[in-house]
Amino acid sequence: MKVLVLGAGAREHAITWSFSKSKSITGLYVAPGNAGTDDIAENIPDIDPCNSQMVIDICKKYGIDYVFVGPEAPLAAGVVDELQAAGIGAIGPHKAAAMLESSKAFSKNFMHKYNIPTASAIEIDSPKEFENEINARNGKIVIKKSGLAAGKGVLESDDKAKLLEFGLDILKNDKLLIEEYLVGWEVTIFTFSDGKNYIILPPCADFKKAYDDDKGPNTGGMGAICPVPSLSAQMLETIKKEIIEPTFKGMADEGLSYKGILYFGLMITAQGPKLLEYNVRFGDPEAQALIPLILSDFGDFCEAIIQGDIKSFPLKISTDTAICVVIAAGGYPGEYEKGLPVDYLPRFKEKYVVIFHASTRFDDENNVVTNGGRCFSVVGLGQDIITANKNAYVAAEEVYFKDSFYRHDIGKKFFEREI
Ligand code: AMP
Ligand code: GLY
C-alpha cells in the first residue's frame, strides 16, 4: 500500500512514524512534512493540504492508495470529498461530517438533537442580542466562536468588558455560542470508525496552558498523557452509553458516518460526563502520546478501516503509559523567533523515548532549524506513569535550542492523585 499523510506537525510525524514501521506499506509520502518526517518518508514540500487539486495530483503521480489527513483545515475544506470523487481512499471525514468540528453551532444542535449531555448554550449572531445577553448574566460564562479557531476561539470569564470585546470581535465575521461554565476535569477519548463500526482507544488528557501549574495563556497544547489513570472503568462505561453510542447512532441517522477518527473532548462534572466538543481528527499533542502505545501494524489497521473491516481487526494496545512534553520556542504562544539551529537531538531506545518533530525544517546547509512555536514532542514511555514521566523529562532536558522552554509538570496532577 502507498500512503500519503497530509500535514506538517508532530502529530503527523507520529502518524508517519507508525506507518514507517508497517510491513504492508510500500510507499510513504508526507505533504508538506517537516525535518523529522523527511527521515522516514518522502516529503513533498510546497503543497497546500487544503488544495484538493494539488493533493489529487500528487496521489496520481505517486500511485497513492489512500490519504491519512492529519489536521482539521483540509477536512473542513472538503479534501476527502474530492479524493473520493477521484477514486482515492481517505482516512478522515467528508465536509458535511467535518462540520461536527468546524461549526460549534452545528455540533451543539447535533448534541441537543441526540440528547447528548453537554453545557447548555445559546447561539448568537447579532451584536445587539449579544450585548443584551452579557448584560443580563452574572458569574463565569463561556464564549465560543462557532468556526475553526486553532484553539483561540474560546473565552471563559466573568469579566463583562472582556466577554463583550471577545464576542463582538467574533461577530464581525462568524456566529458564537454563549455556554454555561462547567466545573470538572477534562479527558479526551478517541474513536476510530470504518463508517459502520467503531472502536474506542485509551483515554488521553492534554495540557493547554503555556506554563507549569496551568498558568499563562492557552496554547495549541504543551503536553499530553495516555492513558488517564483517574478515569474509572465505570465512568468510561457511562461515557460510552450516554455520549459515544448516541453520537454514532446520530451520525448514521444524519448520513454523517465516515472512515476516520472522532475525538470526544469531555468534562467530568459532579453531574456526570458532559461533551465539550467533537474533533474529527487526532488531537495534537494527544496523538504523540497515544500512537506509540499502538502495538499492531498501523498500516494493517488503516487498511482494515478503509476496507470497512474494523470489527474483526485485533487491535493491540500497550498497557504502558506515555507522557508527551512539548518543547516550544521562547515567547510562544506570543511572538517567537524562527530558524533557530537545533545542534543536537538525542537518540534513545524507542521502548523508552520517542522524539517527534513539530515545526522544523532544513536550512540551506541541511541543518535542522526551528520553523514555528511548538518545535518538538518528546514522549516518555514506561510501565507506570512515574517511569514514563521520568523518561520524558530525561530526554526533554537534552533537546535544546536558543530560548527553548517546556512545562515541568506534564502528567503530575494525575500521579499526585494516584499515590
Ligand atoms: P472547546 O474548543 O470547546 O473544547 O474549548 C476549549 C477549552 O475551553 C476546553 O478544553 C475547556 O478547557 C474550555 N471550555 C470549553 N467549554 C467549556 C465549558 N462549557 N465550561 C468550562 N470550560 C470550557
Ligand atoms: N489538543 C487539542 C486539539 O488537538 O484540538
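Read the numbers this way: they start at 1 and go in the same order the structure lists the ligands and their atoms. Heads up: numbering here begins at 1 and tracks the sequence.
- Two rings, from Y278 and F264, have their centers less than 6.0 Å apart.
- Tested against I170, the residues I124, I143, D125 include a single side-chain contact (heavy atoms from CB on, under 4.5 Å) partner, I143.
- No option in F19, F313, F68 other than F313 meets the ring-ring contact (aromatic ring centres under 6.0 Å, His included) test with F301.
- The protein heavy-atom contact nearest to atom 23 (C) of ligand 1 is L276 CD2, 4.2 Å.
- Heavy-atom distances between F282 and ligand 2 stay at or above 4.0 Å for every pair.
- Between F110 and H112, a ring centre-to-centre spacing not shorter than 6.0 Å is recorded.
- For atom 3 (O) of ligand 1, the closest heavy atom belonging to the protein is K144 NZ, 2.7 Å.
- Residue contact check: E180 has heavy atoms under 4.0 Å from atoms 18 (C), 19 (N), 20 (N) of ligand 1.
- Distances from atom 18 (C) of ligand 1 to the heavy atoms of L155, V154, V142 put V142 nearest.
- Looking at atom 21 (C) of ligand 1, its nearest protein heavy atom turns out to be L182 O, 3.3 Å.
- Not one N or O of E277 is nearer than 3.5 Å to an N or O of ligand 2, by distance alone.
- Close approach to M267 involves these atoms of ligand 1, each under 4.0 Å from a residue heavy atom: 21 (C), 22 (N).
- In this structure, K208 has a heavy atom closer than 4.0 Å to ligand 1.
- Residue G283 approaches ligand 2 through these ligand atoms, each under 4.0 Å from one of its heavy atoms: 4 (O).
- Contacts of N279 with ligand 2, taken as heavy-atom pairs under 4.0 Å, involve the side chain alone.
- A donor-acceptor contact shorter than 3.5 Å links the side chain of R374 to the backbone of G220.
- Among the atoms of D206, some N or O lies under 3.5 angstrom from an N or O of ligand 2.
- You'll find the ring centres of F192 and F282 inside the 6.0 Å limit.
- One finds a salt bridge joining E337 and K402 here, because a Lys/Arg side-chain nitrogen approaches an Asp/Glu carboxylate oxygen to under 4.0 Å.
- Among K144, K274, R137, the single residue meeting the salt bridge (Lys or Arg N to Asp or Glu O under 4.0 Å) criterion with E179 is K144.
- Classification of the F376-F401 ring pair by plane angle, with boundaries at 30° and 60°, yields tilted.
- Below 4.0 Å from some heavy atom of K104 lie the following atoms of ligand 1, by number and element: 1 (P), 2 (O), 3 (O).
- The pair E123-K108 fails the salt-bridge criterion, with no side-chain N (NZ, NE, NH1 or NH2) lying under 4.0 Å from an Asp/Glu carboxylate O.
- Ranking protein heavy atoms by distance to atom 13 (C) of ligand 1, first place goes to E156 OE2, 3.7 Å.
- Protein heavy atom nearest atom 11 (C) of ligand 1, with residue, atom name and distance: E186 OE2, 3.1 Å.
- Every atom of ligand 2 with a heavy atom of E286 under 4.0 Å away is listed here by number and element: 1 (N), 2 (C).
- Close approach to Y181 involves these atoms of ligand 1, each under 4.0 Å from a residue heavy atom: 20 (N), 21 (C).
- Contacts between K208 and ligand 2, counted as non-hydrogen atom pairs separated by less than 4.0 Å, are absent for every part of the residue.
- Of all heavy-atom pairs between F356 and H13, the closest is CA-ND1, 3.3 Å.
- I225 and G411 get closest at one heavy-atom pair: CD1-CA, 4.3 Å.
- Every atom of ligand 1 with a heavy atom of A119 under 4.0 Å away is listed here by number and element: 19 (N).
- The closest approach between a heavy atom of R281 and any atom of ligand 2 is below 4.0 Å.
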